[in-house]
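We use all heavy atoms of the structure for the numbers below, so side chains are in, but hydrogens, waters and symmetry mates are not.
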Amino acid sequence: MEQYTALDALKMAERLERNGAAFYRNAAMSAARVNKTQPYILLNKLAIMEDAHIRLFENMREGLSNGKHLDAGSDSQDESLLYLKLLVDTRVFFKKKINLNSITEIFTAAINAERDSIVFYLGIRELVSDAISKSQIDSIIKEEMKHIQLLGKELTAIKHDSDSSI
């Protein structure tokens, strides 16, 4: 079995956030092309928030060289890291075939990806050893939950609107 390290977990987290930011930017551009202002603003805001998460994980990865943040090495942790890698590779913000002309489909896919990212971060949190890092991960989890709330609110409003296409 392939071995993964704490450094790998943080790189996975960065990749997840990069994929998310790219997804939101592409979706925002689709909204902008047809003058859907509200979806554009929300999707662009979410991309910026994902960028902030990238920086946090980069900082945590840099701190890893000081021997802090994540524990890795036990069999259960190796299994957790493998699970996290598979989650990133196959589900969370993976390049899925999404109709970028349908705001309903974009928001539904985004909600699903945000939900999966929460599961991913709960797994990362189990590998975190210091209180500061746990707090940072908890903050990201809360932000991802807020993303779901924002997207869900917009999706509900769109479903009440007869024009859900971009």
Checklist entry - What is the distance from atom CD of E114 to atom CG of L150, rounded to the nearest 0.5 Å? => result 9.5 Å
Checklist outcome for this item: Nearest heavy-atom approach of I106 to N99 is CG1-O, 4.1 Å
Checklist entry - Can you get from Y40 to F107 by hopping between Ile, Leu, Val, Met, Phe, Trp and Tyr side chains that sit under 4.5 Å apart? => result no
Next on the checklist: If you apply the rule side chain to side chain contact (heavy atoms under 4.5 Å, CB included), what do you find for D51 with R25, and how did you get there?
Outcome noted: CA-CA 11 Å; D51 290 339; R25 282 193 175 83; 2.3 Å; yes
Checklist entry - What is the minimum heavy-atom distance between I118 and M145, and which atoms define it? => result CD1-CG, 3.6 Å
Item to check | Approximate separation, where rounding is to 0.5 Å, of E14 CD and M60 CE | outcome: 10.0 Å
Checklist entry - When clusters are formed by joining ILVMFWY residues with side-chain heavy atoms under 4.5 Å apart, either directly or through shared neighbours, do I54 and I141 land in the same one? => result no
Item to check | Straight-line distance of M29 CE to L100 CG, nearest 0.5 Å | outcome: 11.5 Å
Item to check | T108 side-chain N/O to E105 backbone N/O, donor-acceptor pair under 3.5 Å | outcome: no
Checklist entry - Can you tell me how far NE2 of H53 sits from CZ of R55, rounded to the nearest 0.5 angstrom? => result 9.5 Å
Checklist entry - If you measure from CD1 on I111 to CD on Q149, what distance do you get to the nearest 0.5 Å? => result 11.0 Å
Item to check | Side-chain touch N59/Q136, heavy atoms, less than 4.5 angstrom | outcome: no
Checklist entry - Measuring from I148:CD1 to N112:CG, what's the distance to the nearest 0.5 Å? => result 9.0 Å
Checklist entry - Which heavy atom of I103 sits nearest a heavy atom of P39, and at what distance? => result CD1-CB, 3.5 Å
Checklist entry - Side chains of L42 and L151: does their closest heavy-atom pair fall under 4.5 Å? => result yes
Checklist entry - Is it the case that one hydrophobic cluster holds both L56 and L122, taking links as side-chain heavy atoms less than 4.5 Å apart, direct or via other members? => result yes
Next on the checklist: For A28 versus N44, what's the shortest heavy-atom pair and its separation?
Outcome noted: CB-N, 4.0 Å
Next on the checklist: Is there a path of hydrophobic side-chain contacts, each under 4.5 Å between heavy atoms, that joins Y24 and L155?
Outcome noted: yes
Next on the checklist: Quick check: closest heavy atoms across R125 and K134, and the distance to 0.1 Å?
Outcome noted: O-NZ, 3.3 Å
Next on the checklist: Using 30° and 60° as the class boundaries, would you call the ring planes of Y121 and F57 parallel, tilted or perpendicular?
Outcome noted: parallel
Item to check | 4.5 Å side-chain heavy-atom contact, K146 and M49 | outcome: no
